[in-house]
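Written below as structure tokens is the structure these notes are about.
Residue numbering restarts at 1 for every chain, and letters A, B, ... go by the order of the sequence lines.
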Protein chains: 2
Amino acid sequence: MNRARAFDPSTALGQVVDLFASKGYSETSMEDIVQATGVSRYGLYGTFGNKRELFEQALEQYAEGMGKRSFLRLLEPGASLDHIRSIFEERVADMCSPDQNKGCLFIHTAMELAPQDEELRGVLQRLMKRMSKAFSIGLDSAKGRGEVGKDVDVDAAGEMLTSTMFGLVVLGRTGFPKKTLDAIVDSMLNGLKA
Amino acid sequence: MNRARAFDPSTALGQVVDLFASKGYSETSMEDIVQATGVSRYGLYGTFGNKRELFEQALEQYAEGMGKRSFLRLLEPGASLDHIRSIFEERVADMCSPDQNKGCLFIHTAMELAPQDEELRGVLQRLMKRMSKAFSIGLDSAKGRGEVGKDVDVDAAGEMLTSTMFGLVVLGRTGFPKKTLDAIVDSMLNGLKA
DNA sequence: TCAGAAACAGAATAGCTATTCTGATTAAGT
DNA sequence: ACTTAATCAGAATAGCTATTCTGTTTCTGA
């Protein structure tokens, strides 16, 4: 009996992810979202709730996408230090691509919302832990291959990689060239080598 | 002939720094600033210009304060790896103190303003380069003391420390405990050891 | 003491924001 | 074809924002 929805929630959410990732929460207006997605206010509020709830769903989809695109490879057997390096190289390439202003939904959430929003802070902790854990598993695998020093604490090192990746995004946003970001990745990974 | 100003611009600017550092640019309203400083709108606009210009001056004062408080020690002869470690430990302690929501003006600037504001992006690049340079000088000194591996590129490593410090702030903001941040610092510094 | 220039507190303005509301439109089931 | 309930585009609302304006107060120099 009812009229069909004129948009696909998942692809719309994908466009919302891009907006939030590049401009953050408060600098992205619902009007921006209406324009970018082509979805009416009615549709947005009806299917996603308010802006805060929409953001939370965007954050989850962002993390899932990043997980599948980047971190899944670390969980497979035989993961090497080069797999880890490739994740960083792709992130650096992303940050230095001239077409868009890429960002990071994790950092925006941490800086804009986490201190005041306990629930979102919990979500973010869970997502970041998952990211560090993936790094740790990859490091442990690389350690088994003799690529990572035996004295390296892979749990701590996984968290360190997460931390440095965020720093890379911050530096990329302030316009540092690819060369600089590449050198940082090298420096970080050199410290882990066997 | 003129009436005397009823506030000290430098201390007012210091309070503005704290506000911007904890909440960022757009989440800090001029009303917040009026309340926190006790300075009238008239006084703020008259002495600092508009919000954007006030922010720029706050950023410069923030960097200068951080330089004097933390990084100056690295430029003195005999700087050691422990001096570098102490800077990170103090930053971690700051992020984990329960009384306030400490933040980082550099990260806020990078995420909120740098992509759209070319001038501010240039300012931020200069300030971050100064920070990395201080780390590099400290590392070189520590290298001379035999505390840092001979194969370590201190220029790249200095930028890596800057990057990781930003990551620490991001993790601190999302509520990770001191233990986690300490482990990251250890992991990072272990990779530099001789 | 007094003139005057600058600083003050706070009202006024203009514009943007998230959210809700409204009347028109759509498409399915009967 | 008609009913019906949900969707749509966009207007309306309420509240916040940065900035400017206004009338008053204050202090300094003559």
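- Within the structure, every pair that satisfies the side-chain hydrogen bond (donor to acceptor under 3.5 Å, both in side chains) test and touches residues 179-194 of chain A, not counting sequence neighbours, is listed here: A:R85-A:D186, A:K178-A:D182, A:N190-A:K193.
- Within the structure, side-chain hydrogen bond (donor to acceptor under 3.5 Å, both in side chains) pairs that include any residue of residues 148-158 of chain B do not occur (at least two apart or interchain).
- Applying the side-chain hydrogen bond (donor to acceptor under 3.5 Å, both in side chains) test to pairs two or more places apart or on separate chains, those with a residue in residues 120-132 of chain A are A:E60-A:R126, A:S132-A:T162.
- Among residues at least two apart or in separate chains, there is no ring-ring contact (aromatic ring centres under 6.0 Å, His included) pair with a member in residues 145-175 of chain A.
- Put simply, CZ on A:F48 is 14 Å from P on C:dT19, counting in whole angstrom units.
- When the P atom of C:dG10 is taken as reference, atom CD1 of B:I33 falls 18 Å away, rounded to whole Å.
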Under 4.0 Å protein heavy-atom contact, by nucleotide of nucleotides 10-18 of chain D - B base, S sugar-phosphate only: -B-----SS
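- Take B:R73 and apply the salt bridge (Lys or Arg N to Asp or Glu O under 4.0 Å) test, not counting sequence neighbours, and it matches B:E90.
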